[in-house]
Amino acid sequence: MKTAVIVFPGSNCDRDIAVALERVTGTAPAMVWHGESELPDGLGLIALPGGFSYGDYLRCGAISARSPIVRAVVEAAGRGVPVLGICNGFQILTETGLLPGALMRNRDLNFVCRDVPLRVENVRSIFTGRYEKDEEILIPVAHHDGNYFADAETLDRIEGEGRVAFRYAENVNGSAHDIAGLLNAQGNVLGMMPHPERRIEAAHGGDDGRRMFEGLMEAVAA
């Protein structure tokens with residue numbers, strides 16, 4: 001599967017997701033600088049990495065969402081290309097409007113960095129086909145701004161459409177409805193604060209994150 005990782009100024013998890021994608025797919029992803037305006041053809045996944053861009057100052061997700069390459073990402077998502085936004089990438093997806101809501105400062109105003117249990121809510125998406133419904137998995141988080149917020153009407157719509165992919169079994173940041181991962185209406189865009197790329201092999205303590213990428217490969221190949 002051909003993949004691409006978008007690299008923003010200050011990103012520090014772009015290499016983490018690149019290593020994970022190469023380990024799982026067998027092919028190194030294209031590393032695409034934020035100032036570019038075009039993406040490679042034939043992509044099976046576009047990844048917006050975590051590790052906050054622009055030094056994590058002044059709504060870094062909003063700044064990144066104005067990068068030239070993000071316009072191409074939005075267009076590709078509209079054509080059905082899978083897009084995964086992790087941590088700061090989740091912020092960027094909400095700032096572009098590909099996903100509803102916003103990410104605010106954590107409820108307790110502390111940076112949280114540790115493994116967190118998640119409950120799998122939606123197993124019908126291209127990202128979650130390798131999981132079981134209500135399965136509890138363990139994925140690391142590392143963020144200060146992961147408190148998902150949306151108004152009541154939006155939350156009702158999200159829930160009614162079954163777009164919550166993952167919930168925190170232990171809500172570490174105050175996210176509304178314990179939302180840890182959210183799909184778009186078409187199911188080809190996933191934003192999540194936890195870092196699946198940090199749990200893909202035994203050296204990471206498990207492979208709960210790897211199964212996401214393997215499931216996506218199967219779905220893209222089908």
Side-chain angles (χ1 to χ4, degrees), residues 1-8 11 13-14 17-18 20-21 24-25 27 29-53 59-103 121-129 146 148 150 154 157-158 161-166 179-197 209 212-222:
M1 184 174 74
K2 189 175 179 181
T3 63
V5 175
I6 309 302
V7 182
F8 298 95
S11 295
C13 292
D14 48 339
I17 184 66
L21 290 174
V24 176
T25 67
T27 303
M31 305 300 286
V32 182
W33 182 239
H34 79 115
E36 300 291 335
S37 58
E38 296 183 2
L39 290 161
D41 294 329
L43 293 174
L45 174 68
I46 302 167
L48 302 178
F52 285 81
S53 54
R59 296 184 67 211
C60 52
I63 298 172
S64 295
R66 273 68 181 173
S67 293
I69 197 62
V70 174
R71 288 195 290 271
V73 172
V74 172
E75 291 173 2
R79 298 194 302 271
V81 177
V83 177
L84 171 63
I86 302 168
C87 197
N88 186 207
F90 188 6
Q91 283 190 335
I92 295 168
L93 291 175
T94 61
E95 295 288 352
T96 62
L98 284 173
L99 292 175
L103 281 307
E121 289 290 331
N122 181 331
V123 294
R124 301 182 307 279
S125 80
I126 56 175
F127 299 96
T128 55
Y148 180 77
T154 300
R157 176 166 49 85
I158 289 170
E161 295 174 352
R163 290 167 55 182
V164 178
F166 304 104
I179 291 173
L182 182 66
L183 295 156
N184 68 339
Q186 293 72 34
N188 66 305
V189 176
L190 172 64
M192 60 187 298
M193 289 309 295
H195 288 259
E197 79 280 13
M212 174 183 296
F213 300 113
E214 291 177 337
L216 179 62
M217 283 181 60
E218 291 175 351
V220 170

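- Counted within 6.0 Å of CZ on Arg157, heavy atoms from surrounding residues, nucleotides or ligands total more than 12; the atom is thus considered enclosed.
- Of the residues listed (Leu84, Ile17, Val24), the one engaging Glu197 in a side-chain contact (heavy atoms from CB on, under 4.5 Å) is Ile17, and it is the only one.
- When every heavy atom of Gly50 is checked against every heavy atom of His195, the shortest pair comes out as CA-CE1, 4.1 Å.
- Of the inter-residue distances, the one linking Ile86 atom CD1 with Met192 atom CE reads 7.0 Å to the nearest 0.5 angstrom.
- Listed here is the closest heavy atom pair of Leu93 and Gly191: CD1-CA, 3.9 Å.
- A heavy-atom distance below 4.5 Å is found between the side chains of Val220 and Pro82.
- With sequence neighbours excluded, no residue satisfies side chain to side chain donor-acceptor pair (under 3.5 Å) with Asn122.
- Expressed to the nearest 0.5 Å, how far CG of Asp14 lies from CE of Met31 amounts to 4.5 Å.
- When side chains are defined from C-beta on, Leu21 counts as touching Phe213, because their heavy atoms get closer than 4.5 Å.
- The minimum heavy-atom distance between Arg124 and Gly162, with the atom names listed, is NH2-O, 4.2 Å.
- A search for side chain to side chain donor-acceptor pair (under 3.5 Å) contacts involving Thr3 returns nothing, not counting sequence neighbours.
- Sorted by first then second residue, the side-chain hydrogen bond (donor to acceptor under 3.5 Å, both in side chains) pairs that include residues 213-222, not counting sequence neighbours, are Arg130-Glu214, Arg130-Glu218, Arg210-Glu214.
- Residues Trp33 and Ile69 share a closest heavy-atom pair of O-CB, 4.1 Å.
- Val70 is not listed as a side-chain neighbour of Glu95, based on a closest heavy-atom distance of 4.5 Å or more.
- In this structure Val164 satisfies the side chain to side chain contact (heavy atoms under 4.5 Å, CB included) test together with Glu121, Ile158, Glu159, Arg167, Ile179, sequence neighbours excluded.
- By the salt bridge (Lys or Arg N to Asp or Glu O under 4.0 Å) test, Glu161 pairs with Arg163, sequence neighbours left out.
- Residues that satisfy the side chain to side chain contact (heavy atoms under 4.5 Å, CB included) test with Pro68, not counting sequence neighbours, are Arg71.
- Contacts of Thr94 classified as side chain to side chain contact (heavy atoms under 4.5 Å, CB included), with partners at least two apart in sequence or in another chain: Phe90, Leu99, Leu103.
- Applying the side chain to side chain donor-acceptor pair (under 3.5 Å) criterion to Ser67, with sequence neighbours excluded, gives His34.
- Residues in residues 35-45 take part in no salt bridge (charged side-chain N to carboxylate O under 4.0 Å, His left out) pair, two or more places apart or across chains.
- Applying the side chain to side chain donor-acceptor pair (under 3.5 Å) criterion to Thr27, with sequence neighbours excluded, gives no partner residue.
- Contact check for Asn88 versus Phe8: no side-chain heavy atoms found under the 4.5 Å cut-off.
- Listed for the Asn184 side chain is a donor-acceptor partner under 3.5 Å among the backbone atoms of Asn188.
- Side-chain contact check for Leu45 versus Pro29: every heavy-atom pair is 4.5 Å or farther apart.
- Applying the side chain to side chain contact (heavy atoms under 4.5 Å, CB included) test to Ala76 and every residue at least two apart in sequence or in another chain returns Leu39, Ile46, Arg79, Val81.
- What you find for Gly42 and Lys2 is that their closest heavy atoms are O-CB, 3.6 Å.
- You'll find the side chain of Leu98 reaches within 4.5 Å of the side chain of Val74, heavy atoms only.
- Leu190 contributes atom CG, which lies 6.5 Å from atom OG of Ser125 (distance to the nearest 0.5 angstrom).
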